[in-house]
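The structure appears right after this line, and notes come after that.
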Amino acid sequence: MPPVTALERDFPAAVLSRIGEHESWRKEIHRPATSTHKWWAKRLGSIFRGILTAAVTEDEAAALQAYRSATRLRGLTVFDPFAGSGTTVVEAAKLGARVVSWDINPVATLVQRQAVQRWDISELERAYKLVEERCRAEIDRVHRTESGETVLYYFWVAVAACPVCHADTRLFSTHVFSQNAYPKRVPAARIVCPVCLDVMLGRYDFDELTCRNGHRVTRSGAVTRSTMTCPDRHTSKVLDALAGEAPRSEMYAKLVLGFNGKKRYEPITEFDRSLYAECSGLLQQQESELVLPLGELDHGENTRQAIRWGFTKWRQFFNDRQLYSLGLLASAIRDLSVGAAEREALAALFSGTLEFNNMFCSFKGEGTGAVRHMFSHHVLKPERTPLEAHPWGTPASSGSFSTLFQSRLLRAQVYKLAPTDQLLKAEGVVRTAGLSLPTEATVADVWPAAGLTPGTMYLRTGDSSRTDLPDESIDLIVTDPPYMDNVHYSELADFFHAWLRELVP
DNA sequence: GCAGCTTCGACTAAAGGGTT
DNA sequence: AACCCTTTAGTCGAAGCTGC
């Protein structure tokens, strides 16, 4: 390595900025290996590839030349002590380096392992089929209409009693519960009556209408920001009304996938309510056999809001049907007897689906991603109108176990065997194959006695302020360290860990 | 093979409340 | 009054998908 490198004096910032901007639009498409599961502040692969190659060259031209060279880091050992989802790990491996990767958070190292661990694809598919046989029929059964059609989403609303008159108040901020992302272009919208929960078709900008039971429905609901107005017009703070208890919720509508393949909105029926009640009973009966989330929220910057709302246990983030369905799914994965790597891949996939299947999610609308998942703002913000999705899912679902198996695991597998990279050409940024080595490796969780060999990675969950790395064993340290105390990922990652502790020992 | 629609996560603006 | 912070939701570009 040169004494003064391109990283210090001639970094190809202009080119990498163009490439990085392109990659940033859909990170998961360009870097599937590190996208099998949620992690926060994922860094751009192309930028880290640029950093790695600039660190071993003298000037911009040489750095850009190295950026195109699959084996430029061969013979070097790269260490990331705060590795997160593993961007450094993957980029270094793609350039032929030996890799050491630490992170204190077990969810982070789970994500890293999926990015490099070798999967036997037929074993992975066999494991997926076994899980499907064990739990799919039952999950499907509890997400359907009386006529047997699939329910993609159930819409829920939180309810609080007015502190003055104790009247129950449904905490809608608007009675439009579904509209297009571009409502001026597609003005049709779905409206709910806050009195009888009738579901109507209208316009996104309607002023007032009358439901089929004769109730007057206005566009705005009982809640504005943090203030609620009860049916008798008393105003109070929502948090005062909740008085430290997590809100009760009520189902008010569903999105059905009809036998004809078309989606339609419908009100909740007695059948829906009794099906849900049945799930509560089944959950109670099978409590001891099912994998369920354990533990309480730690007090911290990112959990404060949820705790103020009365959410103190991770289990409260899910309703009974979610606990039952996800519990069945997780138990099926726990009980698999298949290869360890393939089983862990499904555990990671399962954990990833949790982000879209809990009562902190909401409906984003039509014409855009349907589910606004719980971490879209890096905090745990309680939802007043949560969305309950079908966890197994259908091809028309977003964020379900079956769709993410395709879009996350299988896509990651393809990428790990033949990674692609972005190059800046005259016509723009172009995705290009053949510039990288496969990322697959055998994972060790202690420093190998014989030293690291190509094809082996040392990947460890632990505090990197003290390591067992021998002197002179590392050539490059490339990392994105914790940024002051700004975002407390561990507090958020506990949401996944509450389930994973029983799945990934 | 192509046009138009859907999907994804991230970015950004705006509203409104709280604080100094 | 000025400023800051929280909350809400509207918008975006690219890639994948669907139907012709």
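Bear in mind that the values here come from a model prediction, so they are computed numbers and not experimental data. So that the names make sense, note that chain A is the first sequence line, chain B the second, and so on, each numbered from 1.
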Between B:dG9 and A:Lys42, counting only base atoms on the nucleotide and side-chain atoms on the residue, is there a donor-acceptor pair under 3.5 Å? no

Side-chain donor/acceptor contact of A:Lys263 with base of B:dT6 under 3.5 Å: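 By the distance-only test, no, there is no pair.
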
Roughly, in whole Å, what's the span from [atom1] in [X] to [atom2] in [N]?
X        : N      : atom1 : atom2 : result
A:Lys364 : C:dT8  : NZ    : P     : 16 Å
A:Arg43  : B:dG9  : CZ    : C1'   : 15 Å
A:Asn180 : B:dT7  : CG    : P     : 11 Å
A:Met228 : B:dG17 : CE    : C1'   : 18 Å
A:Phe360 : C:dT7  : CZ    : C1'   : 15 Å
A:Tyr204 : C:dT11 : OH    : P     : 9 Å
A:Leu152 : B:dT7  : CG    : P     : 10 Å
A:Leu387 : C:dA9  : CG    : P     : 14 Å

N or O in side chain of A:Arg384 less than 4.0 angstrom from C:dT7 OP1/OP2: no

Would you say A:Ser173 reaches C:dA9's phosphate, i.e. side-chain N/O to OP1/OP2 under 4.0 Å?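 The answer is yes; a side-chain N or O of A:Ser173 sits under 4.0 Å from OP1 or OP2.
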
Nearest-nucleotide check on DNA chain B, A:Gly399 vs A:Thr227; residue mapping nearer the 5' end is A:Gly399

Would you mind classifying the nucleic acid contact of A:Glu383 as base, sugar-phosphate or nothing, using non-hydrogen atoms under 4.0 angstrom? nothing

Could you work out, with salt bridge (Lys or Arg N to Asp or Glu O under 4.0 Å) as the rule, every residue matching A:Glu245, not counting sequence neighbours?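 Counting only residues at least two positions away or on another chain, A:Glu245 forms no salt bridge (Lys or Arg N to Asp or Glu O under 4.0 Å).
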
Sort me out a list of protein N/O and nucleotides 14-20 of chain C N/O pairs below 3.5 Å, or just none if empty.
residue, atom, partner, partner atom, Å
C:dA15, OP1, A:His22, NE2, 3.1

Cation-pi check, A:Arg321 to A:Tyr154: give yes when NZ or CZ is under 6.0 Å from the six-membered ring centre and within 45° of the ring axis, no otherwise. yes

Distance under 6.0 Å and angle within 45° of the ring axis: does A:Arg384 meet both against A:Phe172?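 Judged by the rule, A:Arg384 and A:Phe172 form no cation-pi pair.
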
Under a 3.5 Å threshold, yes or no: a donor from one side chain and an acceptor from the other, between A:Thr218 and A:Ser220? no

Pair A:Ser46-A:Glu23, side-chain donor/acceptor within less than 3.5 Å: yes

Tell me if the CZ atom of A:Arg118 is crowded by more than 12 foreign heavy atoms within 6.0 Å.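 Yes, CZ of A:Arg118 has more than 12 neighbouring heavy atoms, counting only those of other groups under 6.0 Å.
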
Take A:Trp499 and A:Phe318, measure what ring-ring contact (aromatic ring centres under 6.0 Å, His included) needs, and give me the verdict at the end. CA-CA 12 Å; A:Trp499 289 84; A:Phe318 305 88; 5.3 Å; yes

